[in-house]
Amino acid sequence: MKTIKLFDPFISKEEEKAVLQVLHSHFWASGAGIENVKKFEDYFKKYINCDQCIAVNSGTAALHLALSLFDLKGKEVILPSMTFVSTAHAVIMNGGKPIFADIDEKTLCLDSEKIEDKINKKTQVILPVHFGGMPCDLKSIQKICKDNNLELVEDAAHAAGSEFNKEKIGKRGKAVCFSFHPVKNLAMPTGGLIAINSKNSKPIVDDLKSKRWCGITNRENMEYDVSKIGWNYYMNEFSAAIGLTQLKRLNKMNSIRKKIAKRYHKEIKIETKMPFDKNCSYHLYWIKVKNRQQFIKEMDKEKIEIGIHYKPIHKMTYYKNKIKLPITEKVGNEVISIPVHQNLKDDEIEKIIKTVNKFS
Ligand SMILES: Cc1ncc(COP(=O)(O)O)c(C=O)c1O
């Protein structure tokens, strides 16, 4: 029996050609040679229609750098606990304090009604996550930011190609962070990107570009200066070359994910499951099951890979604190991700639905 994979990047001859071209160019790092990284930034900027794009080597790096735009020392950032741990790590890496707020049970995104009572004089940023690719309640969150003079940074790691108000996610927050990890809708070996939206984006972009390469500034021929601390967060040329081919078919791949999600929503008989929304990129499709251990055993027997996204961050040893987030905790005990990627065959989708429905 063949295993049905939970995640599976799409690979074609185009990716093979792109990788070989970089290999033989001898320019593997970015900033030289065939400049795939620069091209990827330009094309992704056009795709989401934001002001500027800065490519980096992971979603984690994108979040770290994006939050470095604000002086977070002694300041607080409001975010969900139902997310990958990088979202919170990025706050700590910048000297800030993550303040977890509860999620909306229907979407698993930050509940905009649970944000305001977490705001105080120390609050500086709201950091929502478009969970599974489902656009969060951006309209309300933007209003809260405006009313309280807070910055909006979005974790769009799951949301390449998701839409909000007829525009691609990436055009709203001051900084919007994407991940192109191999399991993501737009897959690279490793990769990430910060989309910037600001009336005056040049100083922001200069700052981020310097920090993504060791704080280097004023580079001219062999001369350069270092005016701040920075990291080695460059995207490499192989990732960008693969990313360019993936970007060309991102809409098509996402439309396949949407078709599968629509079927799941209609045919899966479990009551609590991810809603269908044509604006969602369906990086994940989640369901909630009461007897999760038994469910995991059954899926394993049928060779269907599944995942748990996520164990709440505030329950992790490093972050453990006494706050109560009732919805997050309930979801954390029941949530399961089932395969929803573009490589699934009809008979595999049918098998997934049939096996899941044994638990309805
Ligand atoms: C919600 C979320 N944020 C951030 C990240 C970090 O991205 P990366 O793995 O590219 O560092 C991920 C990756 O899994 C994620 O799912």
Side-chain angles (χ1 to χ4, degrees), residues 6-7 59-60 62-63 77-91 98-115 126-142 144 152-165 168-170 172-173 176-181 183-186 192 254 257-258 260-261 264-265 272-289 306-316 325-341:
L6 177 59
F7 298 116
T60 307
L63 286 160
V77 175
I78 299 174
L79 73 162
S81 170
M82 180 54 60
T83 174
F84 185 59
V85 72
S86 292
T87 321
H89 279 359
V91 178
I99 301 293
F100 298 111
D102 216 345
I103 51 170
D104 177 341
E105 202 163 8
K106 284 194 215 80
T107 61
L108 310 196
C109 295
L110 202 54
D111 184 343
S112 51
E113 288 182 7
K114 307 273 171 58
I115 294 175
I126 303 185
L127 175 54
V129 176
H130 302 291
F131 191 94
M134 188 65 77
C136 71
D137 182 5
L138 266 181
K139 197 170 162 215
S140 308
I141 296 175
Q142 278 186 297
I144 295 170
L152 173 63
V153 176
E154 295 164 52
D155 183 336
H158 300 176
S162 293
E163 290 185 7
F164 170 75
N165 239 0
K168 291 273 186 290
I169 290 281
R172 294 271 161 151
V176 186
C177 302
F178 292 88
S179 162
F180 306 125
H181 180 283
V183 303
K184 297 297 194 288
N185 296 39
L186 192 161
N254 281 350
R257 288 173 179 270
K258 281 182 219 186
I260 301 169
Y264 285 166
H265 190 251
T272 37
K273 57 192 175 220
M274 194 165 180
F276 181 72
D277 183 335
K278 64 178 183 357
N279 297 311
C280 178
S281 66
Y282 286 100
H283 166 57
L284 301 174
Y285 190 91
W286 55 261
I287 56 172
K288 282 196 262 165
V289 285
I306 51 171
I308 294 179
H309 300 96
Y310 295 90
K311 179 179 169 183
I313 299 178
H314 73 288
K315 293 284 172 193
M316 303 284 183
L325 300 169
I327 309 288
T328 301
E329 283 157 34
K330 185 167 172 276
V331 170
N333 288 329
E334 297 177 354
V335 75
I336 288 277
S337 307
I338 59 174
V340 69
H341 55 80

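The figures here come from the full heavy-atom set of this structure, side chains too, leaving out hydrogens, waters and symmetry mates.
A donor-acceptor pair under 3.5 Å is absent between the side-chain atoms of T83 and the main chain of F131, judged by distance alone. A donor-acceptor pair is defined here as one N or O able to donate and one able to accept, closer than 3.5 Å; no such pair exists between the side chain of N254 and the backbone of Y282. S162 places no side-chain N or O within 3.5 Å of a backbone atom of M134 that could act as its donor or acceptor partner. Side chain of N185 to main chain of S281: a donor-acceptor pair is present (N/O by atom type, distance under 3.5 Å, no hydrogens or angles). For S140 (side chain) and S112 (main-chain N/O), no donor-acceptor pair under 3.5 Å exists by modelled atom type. Of the possible polar contacts, one joining the K273 side chain to the H265 backbone as a donor-acceptor pair under 3.5 Å is found. Under the 3.5 Å distance criterion, the side-chain polar atoms of H130 are left unmatched by any main-chain donor or acceptor of P135.
Side-chain contact between I336 and W286 is absent, with no heavy-atom pair separated by less than 4.5 Å. Two residues are said to be in side-chain contact when any heavy atoms from C-beta on lie closer than 4.5 Å; L108 and H309 fail this criterion. The closest side-chain heavy-atom distance from P98 to V77 is not below 4.5 Å. In this structure, H89 and T60 have side chains that are not in contact, with every pair of non-hydrogen atoms separated by 4.5 Å or more. Using a 4.5 Å heavy-atom cutoff, the side chains of E329 and H314 are in contact.
Rounded to the nearest 0.5 Å, atoms CE (M82) and CG (D111) are 13.5 Å apart. Considering CG of L110 and SG of C136, their distance stands at 7.0 Å, rounded to 0.5 Å. Between the CG atom in L127 and the CD1 atom in I99 there is a gap of 12.5 Å [rounded to 0.5 Å]. Going from atom CD1 of I338 over to atom OH of Y264 covers 4.5 Å, rounded to the nearest 0.5 Å. In this structure, the separation between CD1 on I115 and CD1 on I141 is 4.0 Å, given to the nearest 0.5 Å. Separating the CD1 atom in I103 from the NZ atom in K330 is a distance of 10.0 Å, to the nearest 0.5 Å.
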Verdict with supporting geometry, T328 and K114, side chain to side chain contact (heavy atoms under 4.5 Å, CB included): CA-CA 12 Å; T328 301; K114 307 273 171 58; over 6 Å; no
M274 vs V340, side chain to side chain contact (heavy atoms under 4.5 Å, CB included): CA-CA, chis, key distance, verdict: CA-CA 12 Å; M274 194 165 180; V340 69; over 6 Å; no
Pair R257-Y285, side chain to side chain contact (heavy atoms under 4.5 Å, CB included): steps then yes or no: CA-CA 9 Å; R257 288 173 179 270; Y285 190 91; over 6 Å; no
C109 and D137: CA distance, side-chain angles, deciding distance, side chain to side chain contact (heavy atoms under 4.5 Å, CB included) verdict: CA-CA 8 Å; C109 295; D137 182 5; over 6 Å; no
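Across all non-hydrogen atoms, the minimal contact from I313 to A88 is CD1-CB, 3.9 Å. Nearest heavy-atom pair across L6 and S337 is CD1-O, 3.7 Å. Considering every non-hydrogen atom in both K258 and F276, the closest pair reads O-CE1, 3.3 Å. Counting all heavy atoms, side chain and backbone alike, L325 lies closest to A101 at CD2-C, 3.8 Å. Minimum interatomic distance between D277 and N279 (heavy atoms only, all atoms of both residues): OD1-N, 2.8 Å. Counting all heavy atoms, side chain and backbone alike, C177 lies closest to A62 at SG-O, 3.6 Å.
Not counting sequence neighbours, the partners of K288 by the side-chain hydrogen bond (donor to acceptor under 3.5 Å, both in side chains) test are E105.
Taking the six-membered ring for Trp and the full ring otherwise, the centers of F7 and H283 sit less than 6.0 Å from each other.
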